[in-house]
Amino acid sequence: QPQLVESGGGLVQLGGSLRLSCAASGFAFDYYIITWFRQAPGKEREGVSCISNSGKGSRYGASVKGRFTLSRDNAKNTVYLEMNNLKPEDTAVYYCAAVRNPFPDFCTIDARYDYWGQGTQVTVSS
């Protein structure tokens, strides 16, 4: 059964770093774009970053560009989100999602996603 499991969330101080992981199973991982979203209490879900099937293409939301880096290891069916210079406004539940995609080097955050993980909490203190 298709599944995505996020891990690595926790509490970090302003300016600190954290690495999130998204582990996939039950589907052909290297045929899918993987995207991170986040949602803070009372706010709409926000797209954070996407990475192409091959790992060669990526996009970042304006609020995280220059601070976050997305990578993937297709041999391990895992995507990583490296978060640096964290700010209190980064506090949210972070979700990964997958959408099947025929273009190996392309990704877009604006897509209808096939699978979603359960989320992992990130809290940044000031």
Legend entry - Y80 with Y95, same ILVMFWY side-chain cluster at under 4.5 Å: no
Inset, instruction - Sorted by first residue and then second, give each salt bridge (Lys or Arg N to Asp or Glu O under 4.0 Å) pair with at least one member in residues 108-126; sequence neighbours left out. - result: none
Inset, instruction - Could you state whether W116 and V93 fall into the same hydrophobic cluster, counting links through intermediate Ile, Leu, Val, Met, Phe, Trp or Tyr residues with side-chain heavy atoms under 4.5 angstrom apart? - result: yes
Legend entry - Pair listing, salt bridge (Lys or Arg N to Asp or Glu O under 4.0 Å) test, anchored in residues 57-81, at least two apart: R67-D90
Inset, instruction - For the residue pair F29 and I34, establish whether any side-chain heavy-atom pair is separated by less than 4.5 Å. - result: yes
Legend entry - Any donor-acceptor N/O pair, S52 side chain to G57 backbone, under 3.5 Å: yes
Legend entry - Heavy-atom closest pair, residues I109 and G61: CD1-N, 4.5 Å
Inset, instruction - Taking the side chain as every heavy atom from C-beta outward, state whether L14 and P88 have any atom pair closer than 4.5 Å. - result: yes
Inset, instruction - Would you give the length of the straight line joining atom CD of E89 to atom OG of S126, rounded to the nearest 0.5 angstrom? - result: 10.0 Å
Inset, instruction - Decide yes or no for T123 and V12: does some side-chain heavy atom of the first lie under 4.5 Å from some side-chain heavy atom of the second? - result: no
Legend entry - Euclidean distance, I33 CD1 relative to S54 OG, rounded to 0.5 Å: 10.0 Å
Inset, instruction - Would you confirm whether the ring centroid of W36 sits within less than 6.0 angstrom of the ring centroid of F68? - result: no
Legend entry - Student check: side-chain heavy atoms of S7 and T120 closer than 4.5 Å: no
Inset, instruction - Enter the distance from C22:SG to I51:CD1 here, rounded to the nearest 0.5 Å. - result: 11.0 Å
Legend entry - Main-chain N/O of L70 paired to Y60 side chain as donor or acceptor, under 3.5 Å: yes
Legend entry - Distance in Å, S49 OG paired with E82 CD, rounded so as to fall on 0.5 Å steps: 12.5 Å
Legend entry - Y115 and Y32 aromatic ring geometry - parallel, tilted or perpendicular at 30°/60° bounds: tilted
Inset, instruction - Could you tell me how the ring of Y113 sits relative to the ring of F37: parallel (under 30°), tilted (30 to 60°) or perpendicular (over 60°)? - result: perpendicular
Inset, instruction - Using the rule that two of Ile, Leu, Val, Met, Phe, Trp, Tyr join whenever any of their side-chain heavy atoms come within less than 4.5 Å, decide whether V48 and L4 are in one cluster. - result: yes
Inset, instruction - Could you grab the distance from atom OG of S21 to atom CG of L81, nearest 0.5 Å is fine? - result: 9.5 Å
Inset, instruction - May I ask you to check whether over 12 heavy atoms, not counting those of Q13, lie within 6.0 Å of atom CD? - result: no
Legend entry - Distance, nearest 0.5 Å, that separates CD of Q1 from OG of S25: 9.0 Å
Inset, instruction - Kindly indicate whether the side chain of V64, heavy atoms from C-beta on, has any atom under 4.5 Å from the side chain of R38. - result: yes
Legend entry - Residues which pass side-chain contact (heavy atoms from CB on, under 4.5 Å) with V122, listed by chain and number, not counting sequence neighbours: L18, L20, M83, Y94, V124
Inset, instruction - Using modelled atom types only, decide if a donor and an acceptor are shared between the side chain of N53 and the backbone of D105 within a distance under 3.5 Å. - result: no
Legend entry - Parallel, tilted or perpendicular, as decided by the 30° and 60° cut-offs, for the rings of F103 and F106: perpendicular
Legend entry - Side chain proximity check, E6 to Q118, heavy atoms < 4.5 angstrom: yes
